[in-house]
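Structure first, then comments.
Ligands are counted one by one from 1 in listed order, and the atoms in each one are counted from 1 as well.
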Amino acid sequence: MRTQVVIIGAGPSGLLLSQLLHLSGVDCVVLERRSPDYVLSRIRAGVLEQGMVEMLKRAGVADRMHKEGLPHDGFAISVGETRLRIDLKGLTGGKRVMVYGQTEVTKDLMDAHVARDAQVVYEAENVTPLDFDGDSPRVTYEKDGVTHEIACDFICGCDGFHGVSRAAVPEGAITEYEKVYPFGWLGILSYVKPVDHELIYANHANGFALASMRSHTLSRYYIQVPAGTDVNKWTDDAIWDELKIRLGEEAAAKIETGPSIEKSVAPLRSFVAEPLRFGRMMLAGDAGHIVPPTGAKGLNLAASDIHYLSTALIEYYGEKSSAGIDNYSQHALARIWKAERFSWWMTTLLHQFPELGAFNARMQQAEMDYLASSHAAQVSLAENYVGLPF
Ligand code: APR
Ligand code: PHB
């Protein structure tokens, strides 16, 4: 079998790329290790930048998001009993973000693929990218015990942090930068009314907490926990009690509690691989980089990679120019490093780092005081949160 582009991974990166290529007449096949239900069962991010919202519109998958998504004009940072509202709209000349779950984005993309009978192979085993350092790359995989081979022009590794694409690159050809934080986020999803109409990021002496949401009736909360925490050690009641402490009295008085429908611990990590192109294979999304979730940048960064990558591939086939492919890595990484910086900064500002001592705690306080008193500091935070241009 032959196609123009093989995409490995049917997460948001892979499906968005496939959708945009299809709309420009570029042929592709998507190979995904898991089943559609498994992919949709993963509870991930929930805040979309305006640039990503525009991309979903261009991809023709924005109708439900516009009906069900919640546009947010700001969010709050709470430290102890003090709350600071970041007026995203006012500080950025009218920009806002859209609260709409990654699961829903993925579902909308999957539905669009089904509607056009796109070539997505789920439960593809042993997917292997081959010969991408030459002119004739190919990908092999197994399905129902039969081995298949697809010859192609390009391979796009959209297979997440643990995928096979980055792992297939020879060691000497790639540099990896990594910072692992000594804590994780314990997340809880529950059918209760959100505590506030906007998100609340809290830094409390007990640790970070976040009050987020998926809809007016579905809430998502997180608390900072030590790395390696066993989720089963936390009962729902214990999580709600801790949230009441960390989010402050005003929130504690209003918070609605209920049974969890999902509970998990995610580690926090900053990671970048350089470069993102290896001959005829390009990496995009979590396959190439990870940010800690504090700045809500992971999914949005995947979308900006796909913007650069889809434009490059469409230009290659439409204008017979490889300039976009040649520049993909450099273009994408310039924006990635800025989002890495912002996510690291938000993480550093809002979490407890007892191992870094009293000086670090004072620096955090000074940073918060500066943010509360400086319009310029708030503009900087807001322009990063709504998303840098791409
Ligand atoms: N073969 C085929 N598919 C694979 C393989 C493999 N060897 N390894 C992983 N995959 C699939 C996974 O099952 C998953 O469906 O690749 C997909 C990768 O999806 P994500 O991990 O969601 O990554 P991505 O699409 O880049 O999404 C952006 O940014 O911060 C995050 O929460 C955000 O998950 C989101 C991500
Ligand atoms: C979420 O709702 O899952 C969420 C929101 C904002 C973040 C991180 C996660 O910064």
Side-chain angles (χ1 to χ4, degrees), residues 6-18 30-49 52 70 72 75 77 97-103 105-106 109-110 120-129 139-143 155-168 185 187-189 194 198-201 208-215 218-222 262 264 266 268-271 283-306 309 336 339 342-343 346-347 350 385:
V6 172
I7 298 172
I8 306 180
S13 298
L15 290 178
L16 185 54
L17 177 61
S18 151
V30 184
L31 302 176
E32 164 61 49
R33 183 167 58 148
R34 304 287 190 176
S35 68
D37 284 349
Y38 184 97
V39 171
L40 287 177
S41 69
R42 295 185 293 223
I43 307 296
R44 297 254 178 103
V47 178
L48 312 187
E49 295 171 357
M52 178 163 187
L70 306 172
H72 280 206
F75 66 87
I77 296 181
V97 292
M98 177 74 88
V99 172
Y100 190 63
Q102 175 173 329
T103 312
V105 172
T106 310
L109 283 162
M110 277 182 179
V120 187
V121 181
Y122 286 97
E123 297 175 278
E125 290 174 72
N126 291 323
V127 175
T128 311
V139 180
T140 56
Y141 68 97
E142 286 159 32
K143 171 85 183 172
I155 301 171
C156 295
C158 300
D159 47 352
F161 185 64
H162 300 286
V164 72
S165 306
R166 194 180 71 252
W185 280 16
I188 181 172
L189 188 68
E198 292 182 343
L199 271 59
I200 306 171
Y201 292 82
F208 170 80
L210 169 59
S212 182
M213 66 192 76
R214 291 290 177 273
S215 72
L218 186 58
S219 296
R220 180 72 167 157
Y221 290 95
Y222 298 95
E262 193 266 358
S264 53
L268 264 72
R269 157 188 287 128
S270 299
F271 172 88
L283 305 179
D286 278 16
H289 43 81
I290 296 287
V291 287
T294 326
K297 289 285 155 258
L299 177 60
N300 293 297
L301 215 43
S304 60
D305 285 359
I306 296 306
L309 186 52
I336 289 161
F342 176 66
S343 305
M346 279 270 284
T347 305
L350 294 171
Y385 195 88

Protein residue, atom and distance nearest to [atom], heavy-atom basis:
atom	value
atom 8 (C) of ligand 2	P293 O, 3.3 Å
atom 25 (O) of ligand 1	S13 N, 3.0 Å
atom 2 (O) of ligand 2	S212 OG, 2.5 Å
atom 36 (C) of ligand 1	D286 OD1, 3.2 Å
atom 30 (O) of ligand 1	G298 CA, 3.1 Å
atom 9 (C) of ligand 1	D159 O, 3.1 Å
atom 5 (C) of ligand 1	R33 NE, 3.7 Å
atom 34 (O) of ligand 1	R44 NH1, 2.4 Å

Close side-chain approach of [X] to [Y], heavy-atom, < 4.5 Å:
X	Y	value
P36	M110	yes
I306	S13	yes
V121	K143	yes
M52	V105	yes
T140	N126	no
C156	I8	no
V39	E32	yes

Against heavy atoms of [X], which atoms of ligand 1 measure under 4.0 Å?
X	value
G285	26 (O)
G163	8 (N)
C158	16 (O), 17 (C), 18 (C)
R34	13 (O)
I8	1 (N), 2 (C)
L31	2 (C), 3 (N)
G11	15 (O), 17 (C), 19 (O), 25 (O)
Q102	22 (O), 32 (O), 33 (C), 34 (O), 35 (C)

Which of the numbered atoms in ligand 2 are under 4.0 angstrom from any heavy atom belonging to [X]?
X	answer
T294	10 (O)
L199	5 (C), 6 (C)
V47	5 (C), 6 (C)
R44	3 (O)

What do you reckon, does R42 put a non-hydrogen atom under 4.0 Å from ligand 1?
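So R42 counts as touching ligand 1.
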
For ligand 1, is A124 a contact, meaning one of its heavy atoms is under 4.0 Å away?
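The answer is no, since A124 has no heavy atom less than 4.0 Å from ligand 1.
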
Is [X] reaching over with its side chain to a backbone N or O of [Y], donor-acceptor style, under 3.5 angstrom?
X	Y	result
S219	A211	no
D159	V164	yes
R166	A287	yes

Which word best sums up how the rings of Y385 and F342 line up, parallel for under 30°, tilted for 30 to 60°, or perpendicular for over 60°?
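Taking F342 first and then Y385, their aromatic rings stand perpendicular (interplane angle over 60°).
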
When the ring planes of F208 and Y201 are compared, do they come out parallel, tilted or perpendicular, using 30° and 60° as the limits?
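Taking Y201 first and then F208, their aromatic rings sit tilted (interplane angle of 30° to 60°).
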
Run H289 and D305 through side chain to side chain donor-acceptor pair (under 3.5 Å) and show every step you take.
CA-CA 10 Å; H289 43 81; D305 285 359; 2.5 Å; yes

Polar contact flag for E32 and ligand 1 (N/O pairs, less than 3.5 Å)
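Yes.
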
Aromatic contact, Y38 with Y122 (centres under 6.0 Å)
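Ring centroids of Y38 and Y122 are no less than 6.0 Å from each other.
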
Below 4.0 Å from any atom of ligand 2, is there a heavy atom belonging to M346?
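Heavy atoms of M346 never come under 4.0 Å of ligand 2.
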
Is the closest heavy atom of L210 to ligand 2 under 4.0 Å?
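Contact check L210 vs ligand 2: positive.
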
Atom 28 (C) of ligand 1: which of A302, A303, G9, P36 has the nearest heavy atom?
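Result: the heavy atom closest to atom 28 (C) of ligand 1 is in A302.
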
Would you tell me which option among Y222, F75, Y100, Y201 has the nearest heavy-atom contact to atom 7 (C) of ligand 2?
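The residue whose heavy atom sits nearest atom 7 (C) of ligand 2 is Y201.
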
Face-on cation placement of R33 at Y141 ring, 6.0 Å and 45° thresholds:
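No, R33 does not lie over the aromatic ring of Y141.
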
If every non-hydrogen atom of V291 is compared with every non-hydrogen atom of G298, which pair is closest and at what distance?
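It is CG2-N, 3.5 Å.
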
